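All values derive from a computational prediction rather than experimental measurement.
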Amino acid sequence: MNATNPTKSPLLWVPTGYFTMALGYVMLTSVTAIMFKNLGMDNGMAAQYSSMLILAYTIKPLFAPFVEMYRTKKFFVLCAQVLIGLGFVGVGLAMGLPQYMFFLMGTFFVLSFIGATQDIACDGVYVTSLDSRSQSLYCGIQSLSWNIGPIVASGGMVFLSGWLHTGVFGHDAKVFGPDWGDAWRIIFFLVGGITLVMAAWHARVMPDGARAENTPRNVADGGRILLEAFTTLFQKRDVWKMLAFAFMFRLSVGFLEKIGPFFMVDPAAKGGLGMSNELLGIVYGTWGLAAVLLGSLLGGWCVAKRGLKSTLFMLCCAINIPNVTFLLMAIYLPSNLYVIGAGVVVEKFFFGFGAVGFMIYLMQQLAPGKFSTTHYAFGTGVMGLCGLATGVVSGHLQEALGYVNYFVFVMVATIPSFIATWYAPFHHEEAPSGENAEKQQGANGKGMPA
C-alpha cells in the first residue's frame, strides 16, 4: 500500500490527529464523570451517565462504510473536528443557563456520534496512507499521542477546573454541587478552541487517505457493503478469538477507568484519598504524563525489536498487573502526595507500555482485507463495548463493595485478559523491522499490505 501523499510526513499529522481524537473521546467518556461528580452526582450515576456516551464508539462499525461514500476520509476528519469544537463551545454557553443538564446530555450524545465518525476517518487515513512497515514504525508514536489526550483531559483540564473553582470563582473545593458549573464551562470553551485549531492544522497537513475499492455510491449500496463487510469479518479464521481478545485485553482497565479518579477525590470517610481536583490533575497530568510517554515509547520499541507475537502476553501483563497499586492505596490510604504519585506512575507507565499491543494487533491481524477500515472499526468498537459495559456498572459495584473490595474485584477481572491474550491467533505475517525491513522494501518496492 502506498502513501496517498508522500510529501506530507506522518510526523505532521499522526501525533496531532490521534491526540485530537483522544481529547474529544476522553472529555466525553471520562472527564464528564468527574464533572458529574463535582456537580453533585453519586459515583453510580456519574459513572453510568458518562459510560453511556461510549455507545456511539461501540456501534461505529454500523456506519463506518458510509465514511467512504462522500468525499475523502480527511474530509470527514475535518468536518467532525469542527463540529466537535463548536459543540463543546455550545456546552460551555449552555452551562450558564438554568436547568442545563438535559441540554448537556443531549449535546454530549450527539457529539459522541460525531467523535466516533472522527475515529473511523482518522484510523482510515492512518491505515490507508501508511504501508504495513510504516504502521509498525509509527505505532509507538500513535499510541503515545493517543495517550497524551487522556492525560491532558483527565490531568490538565481537571486541574484547571479545580483551580478555577477555588482560585477564580472562590468556591469551596470540598463541596460538590452546582457551583462547579462556573469552572467547567470555561473548560469546555478551552477544549472547543483546541479542537478547532487542530482542525485548521489538519486541513493543511493531513493526507486524504486512499479510497477503498468498494466505495459505496448511495445509501442502499452502503447497506449492502456493510452487510458484506460483516459477512467477510465473520468468515475470517478464528475471528471469535480475535474479538474476545479485543473485548478482554483491557477489561480490568475498563473497571478502573472511572473509579480510579473517584477514589482519589472521595473523602477518607468514604474510603478515598480526599484529593482536590488540582492535586488529581497534577498526579495524572505531570507524573502520569511522563510515565505514559516513556511507557509508550518503550512499548513501541519492544514490539518493533521482538515482534508482536512474542511480546503480546508480556504487554497484557504490563497493562493489567500494575492495577494492584490502587488496591494497595485503598488498603493503606496514603496521604503523602509522592507515594500516591508513585502508584499512579507505575500504573500509567505500564498502561502506556502495554496499550501498543492492542492497536497493532487489530491493524495487522483483524483489519487486513477488503474492508480494512470497517473491520478495524469493529475491533475498536468491541473495545468500546467493554468500556461501556464495565463503566455502566462500575460505580454501582463500587458503592456496594467499597473501595478495597472493589479493587480486589478489579484484580480478579485481569484473569479473562490473560486467557484471551494467550489464545489470540496470528494468521498474518508481521511487518518486518530493521535490516529485514529494508530488504523487504527493496524486494517489493513497498511494505507488506496492511
Sequence neighbours excluded and cut-off under 3.5 Å, please list the side-chain donor-acceptor pairs for residues 289-297, or say none.
residue, atom, partner, partner atom, Å
Ser296, OG, Asn147, ND2, 3.3
Ser296, OG, Val292, O, 2.9

Start with the C-alpha gap between Phe378 and Leu243, add the side-chain angles, then the distance that decides, and say whether side-chain contact (heavy atoms from CB on, under 4.5 Å) holds. CA-CA 9 Å; Phe378 192 94; Leu243 296 179; 3.6 Å; yes
List the steps, then state whether side-chain hydrogen bond (donor to acceptor under 3.5 Å, both in side chains) holds for Glu278 with Thr166. CA-CA 10 Å; Glu278 294 100 312; Thr166 57; 3.1 Å; yes
Distance-only, no hydrogens or angles: does the [X] side chain make a donor-acceptor pair with backbone N or O of [Y] under 3.5 Å?
{"X": "His165", "Y": "Gly170", "answer": "no"}
{"X": "Thr311", "Y": "Met314", "answer": "no"}
{"X": "His375", "Y": "Ala229", "answer": "yes"}
{"X": "Ser129", "Y": "Tyr126", "answer": "no"}
{"X": "Trp184", "Y": "Phe36", "answer": "no"}

Are any of the side-chain heavy atoms of [X] and [Y] separated by less than 4.5 Å?
{"X": "Ser30", "Y": "Tyr25", "value": "no"}
{"X": "Phe247", "Y": "Pro416", "value": "no"}
{"X": "Ile141", "Y": "Ser145", "value": "yes"}
{"X": "Asp42", "Y": "Met45", "value": "yes"}
{"X": "Pro207", "Y": "Val125", "value": "yes"}
{"X": "Ser417", "Y": "Phe249", "value": "no"}
{"X": "Cys79", "Y": "Phe75", "value": "yes"}
{"X": "Ile321", "Y": "Thr414", "value": "no"}

Which residue pairs pass the side chain to side chain donor-acceptor pair (under 3.5 Å) test when at least one of the two sits in residues 322-348, sequence neighbours left out? Ser252-Asn323
Side-chain atoms of residues 148-163: list all donor-acceptor pairs with protein atoms under 3.5 Å, sequence neighbours left out, distances to 0.1 Å.
residue, atom, partner, partner atom, Å
Ser154, OG, Pro150, O, 3.3
Ser161, OG, Val158, O, 2.6
Ser161, OG, Asn277, ND2, 3.1

As an exercise, state the distance from [atom1] of [X] to [atom2] of [Y], rounded to the nearest 0.5 Å.
{"X": "Arg306", "Y": "Trp301", "atom1": "CZ", "atom2": "CH2", "result": "9.0 Å"}
{"X": "Phe351", "Y": "Ile319", "atom1": "CZ", "atom2": "CD1", "result": "5.0 Å"}
{"X": "Asp179", "Y": "Asp182", "atom1": "CG", "atom2": "CG", "result": "6.5 Å"}
{"X": "Asp119", "Y": "Ile114", "atom1": "CG", "atom2": "CD1", "result": "12.5 Å"}
{"X": "Phe409", "Y": "Leu327", "atom1": "CZ", "atom2": "CG", "result": "13.5 Å"}
{"X": "Asp123", "Y": "Tyr376", "atom1": "CG", "atom2": "OH", "result": "4.5 Å"}

Side chains of Ser51 and Glu257: any donor to acceptor distance under 3.5 Å? no
Regarding Tyr18 and Gln142, do their side chains bring together a donor and an acceptor under 3.5 Å, going by distance alone? yes
Listing, residues 262-272 side-chain donor-acceptor contacts under 3.5 Å, not counting sequence neighbours, or none:
residue, atom, partner, partner atom, Å
Asp266, OD1, Lys37, NZ, 3.0
Asp266, OD2, Asn43, ND2, 3.2
Asp266, OD2, Tyr403, OH, 2.5

Please report the shortest heavy-atom distance between [X] and [Y], naming the atom on each side.
{"X": "Ala33", "Y": "Ala46", "value": "O-CB, 3.8 Å"}
{"X": "Pro15", "Y": "Pro10", "value": "CD-O, 3.5 Å"}
{"X": "Thr421", "Y": "Cys316", "value": "OG1-SG, 3.3 Å"}
{"X": "Leu385", "Y": "Thr58", "value": "N-OG1, 3.2 Å"}
{"X": "Tyr361", "Y": "Met242", "value": "OH-CG, 3.5 Å"}
{"X": "Met21", "Y": "Cys122", "value": "CE-CB, 3.4 Å"}

Before giving the answer on side-chain contact (heavy atoms from CB on, under 4.5 Å), spell out for Leu251 and Met248 the whole-Å C-alpha distance, their side-chain angles and the decisive distance to 0.1 Å. CA-CA 5 Å; Leu251 183 66; Met248 297 294 184; 4.0 Å; yes
OH of Tyr49: more than 12 outside heavy atoms within 6.0 angstrom? no
So with a 6.0 Å cut-off around CE of Met52, is the heavy-atom count from everything else above 12? no
May I have the step-by-step check of side-chain contact (heavy atoms from CB on, under 4.5 Å) for Lys73 and Thr128, ending in yes or no? CA-CA 10 Å; Lys73 294 180 177 68; Thr128 62; 4.2 Å; yes
Could you go through Val324 and Phe407, starting from their C-alpha distance and side-chain angles, then the distance that decides it, and tell me whether this counts as side-chain contact (heavy atoms from CB on, under 4.5 Å)? CA-CA 8 Å; Val324 73; Phe407 290 135; over 6 Å; no
Which atom pairs, donor and acceptor, lie under 3.5 Å between side-chain atoms of residues 83-99 and protein residues at least two apart or in another chain?
none

Donor-acceptor contacts, no H, no angles, side chain residues 187-203, under 3.5 Å, sequence neighbours left out:
residue, atom, partner, partner atom, Å
Thr195, OG1, Val191, O, 2.9
Trp201, NE1, Leu12, O, 3.0
His202, ND1, Gln81, OE1, 3.0
His202, ND1, Gln81, NE2, 3.3
His202, ND1, Met198, O, 3.1
His202, NE2, Thr16, OG1, 2.8
His202, NE2, Gly17, N, 3.3

